[in-house]
Amino acid sequence: MKVEEKFPTMKKDFDKAPPSDKSATHEVKVDYEYKSSEDNDKVIPPDQRIKGYQYGSHIVPVSTAEWDAYLVNSLHTG
């Protein structure tokens with residue numbers, strides 16, 4: 001006997017308003033919250049976030065200034 005297990009669908013669930021409701025947008029909005037790795041209760045505001053890129057098993061932080069310098073160098077050499 002073979003039992004097949006199905007995973008839940010990836011559909012977004014949202015409050016289904018009737019099509020006649022003119023004030024309903026019928027859209028799904030996703031909000032992201034970035035939290036501190038030291039304190040999970042602390043939310044990091046957008047102006048304090050920096051990009052990080054995975055290199056092997058490590059995350060390497062890249063500041064905006066470093067990224068801008070990379071872009072300038074790549075435009076001159078590429």
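- When side chains are defined from C-beta on, Tyr32 counts as touching Val30, because their heavy atoms get closer than 4.5 Å.
- Within the model, atoms NZ of Lys35 and CG of Asp41 stand 6.5 Å from one another, a figure rounded to the nearest 0.5 Å.
- Not one N or O on the side chain of Arg49 forms a donor-acceptor pair closer than 3.5 Å with the backbone of Tyr34.
- Taking all atoms of both residues into account, the shortest heavy-atom contact from Pro61 to Ile50 is CB-CD1, 3.5 Å.
- In terms of heavy atoms, Tyr53 sits closest to Val62 at CD1-CG2, 3.7 Å.
- With sequence neighbours left out, the side chain to side chain contact (heavy atoms under 4.5 Å, CB included) criterion links Ser37 to no other residue.
- Counting heavy atoms of neighbouring residues, nucleotides and ligands inside a 6.0 Å radius, atom OH of Tyr55 does not exceed 12 of them.
- Of all the heavy atoms in Glu66 and Ser63, the pair that sits closest is OE1-N, 2.9 Å.
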